[in-house]
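FYI, the numbering just counts along the sequence from 1. We use all heavy atoms of the structure for the numbers below, so side chains are in, but hydrogens, waters and symmetry mates are not. Bear in mind that the values here come from a model prediction, so they are computed numbers and not experimental data.
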Amino acid sequence: PTQKPVALMAWCLAQVKVPQGATVLDPYMGSGTTGVAAIRSNRRFVGIERDAEIYAAAVERIRQELEGDLFHSQHNS
């Protein structure tokens, strides 16, 4: 496991010129950072994670990103 900030993953998506609306595949999803970066940059996301607990945490994190937060900007991190 490695930590990656959402801003770093968003930068990586921009550097490889993934078009908006494209689908990003992360075969080692972990906590879902790439998924959050994809959502924030108007891209679709498919993530794969074999650890059930980590997968559940990623699903929850991505669900919260999609729903937003009533008290904070959706794009804080």
Side-chain angles (χ1 to χ4, degrees):
T2 61
Q3 294 182 1
K4 295 169 209 70
V6 172
L8 172 62
M9 298 316 295
W11 179 84
C12 290
L13 294 174
Q15 292 303 299
V16 297
K17 300 186 183 349
V18 177
Q20 288 192 355
T23 301
V24 175
L25 171 64
D26 185 354
Y28 308 101
M29 179 170 61
S31 66
T33 301
T34 302
V36 171
I39 291 163
R40 290 183 184 179
S41 60
N42 200 26
R43 295 171 174 99
R44 293 174 289 186
F45 175 73
V46 174
I48 301 168
E49 176 55 55
R50 68 180 186 168
D51 184 301
E53 285 184 40
I54 294 172
Y55 173 79
V59 168
E60 177 61 19
R61 181 179 184 195
I62 291 168
R63 183 191 63 75
Q64 287 179 2
E65 182 68 26
L66 289 169
E67 290 180 359
D69 184 329
L70 295 175
F71 301 105
H72 296 95
S73 168
Q74 181 172 323
H75 299 282
N76 286 340
S77 53

Under 4.5 Å between side-chain heavy atoms, hopping through other hydrophobics if needed: is there a path connecting [X] to [Y]?
X: Ile62; Y: Tyr55; value: yes
X: Leu13; Y: Leu25; value: no
X: Phe45; Y: Val59; value: yes

Does atom CZ of Arg50 have more than 12 heavy-atom neighbours, drawn from other residues, nucleotides or ligands, at distances under 6.0 Å?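 Counting other residues, nucleotides and ligands, CZ of Arg50 stays at 12 neighbours or fewer.
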
Would the number of heavy atoms belonging to other residues, nucleotides or ligands and lying under 6.0 Å from CD of Gln3 be above 12? no

Write down the atom of [X], the atom of [Y], and the distance for their closest heavy-atom approach.
X: Arg43; Y: Gln20; value: CG-CA, 4.1 Å
X: Arg61; Y: Gly32; value: NH1-C, 3.9 Å
X: Met9; Y: Ala37; value: CB-CB, 3.8 Å

Flag side-chain contact, heavy atom, 4.5 Å: Ile54 against Met29: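 No, too far: nothing below the 4.5 Å cut-off.
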
Test side-chain contact (heavy atoms from CB on, under 4.5 Å) on Glu49 and Asp26; report intermediate values, then the result. CA-CA 9 Å; Glu49 176 55 55; Asp26 185 354; over 6 Å; no

Do Arg44 side-chain atoms and Gly21 backbone N/O form a donor-acceptor pair below 3.5 Å? yes

